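It should be emphasised that the depicted structure is a prediction, and the values quoted were computed from it without experimental measurement.
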Amino acid sequence: QTMTADKLVGHYAVIFVSQRQGGDHGYDAAADRMLQLAAQQDGFLDVVSARDEAGLGITVSYWRDLAAIKAWRDAIRVRVWPKGEFIAAS
C-alpha cells in the first residue's frame, strides 16, 4: 500500500532512472535485492516504480531523513553491487 502524498511531506525522495538496453543483464535481481534492503532499513517509508514499453524506468523511494538514505546507500554498495558497478550521486 502506497503512502498518501500528505504523509510524505517533509521527507526525502531518492529517484532512480534507468534505460534498459538489450535485455535484463541481471537488473531485475539487483533491483529486487535493492528494494528488499530498503524495506529493512530504518527510515524507509515507501517506494513506487514504473517502466514503459521502450525500457525507460523510474523508481522513487521515500525516506524519513538523509541519514537513512546514506545508510541504505552504503548497504546496497556492499550487498547489491560489491564490485563497484553501482554509481551514486552524493
Side-chain angles (χ1 to χ4, degrees):
Q1 179 177 343
T2 301
M3 294 180 68
T4 59
D6 61 320
K7 292 184 179 181
L8 296 172
V9 172
H11 294 94
Y12 292 86
V14 174
I15 303 167
F16 289 93
V17 177
S18 62
Q19 178 66 54
R20 296 259 182 104
Q21 298 178 3
D24 178 67
H25 303 288
Y27 179 85
D28 278 342
D32 287 346
R33 182 67 180 133
M34 184 172 61
L35 293 177
Q36 288 171 357
L37 290 170
Q40 297 169 3
Q41 189 72 39
D42 182 45
F44 172 78
L45 300 174
D46 200 6
V47 65
V48 291
S49 187
R51 184 168 302 280
D52 70 11
E53 304 82 33
L56 179 65
I58 184 167
T59 299
V60 182
S61 59
Y62 297 94
W63 299 86
R64 178 187 61 229
D65 52 37
L66 291 175
I69 293 170
K70 289 177 183 176
W72 175 60
R73 179 191 63 194
D74 293 345
I76 62 175
R77 279 183 175 163
V78 171
R79 297 180 190 157
V80 179
W81 286 282
K83 296 179 183 173
E85 294 94 349
F86 177 69
I87 299 170
S90 54

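The nearest pair of heavy atoms linking Arg64 to His11 is CA-CD2, 3.4 Å. The minimum heavy-atom distance linking Asp65 with Tyr12 is given by the pair CA-CD1, 3.6 Å. Scanning all heavy atoms of the two residues, the minimum distance from Ala68 to Asp42 falls at CB-O, 3.3 Å. The two residues Ala54 and Gln19 make their nearest non-hydrogen contact at O-NE2, 2.8 Å.
Atom OG in Ser61 sits 7.0 Å away from atom CD1 in Ile69 (nearest 0.5 Å). From Gln36, atom CD reaches atom CG of Asp32 across 6.5 Å, with rounding to the nearest 0.5 Å. Asp74 contributes atom CG, which lies 12.0 Å from atom CG of Leu37 (distance to the nearest 0.5 angstrom).
Residues Leu35 and Val47 form a side-chain contact, since some pair of their non-hydrogen atoms from C-beta on lies under 4.5 Å apart. Annotation: side chain of Phe16 is not in contact with side chain of Ser49 (no heavy-atom distance under 4.5 Å). Val14 places a side-chain heavy atom less than 4.5 Å from the side chain of Trp63.
Residues Thr59 and Arg51 have side chains that never bring a donor and an acceptor to within less than 3.5 angstrom of each other.
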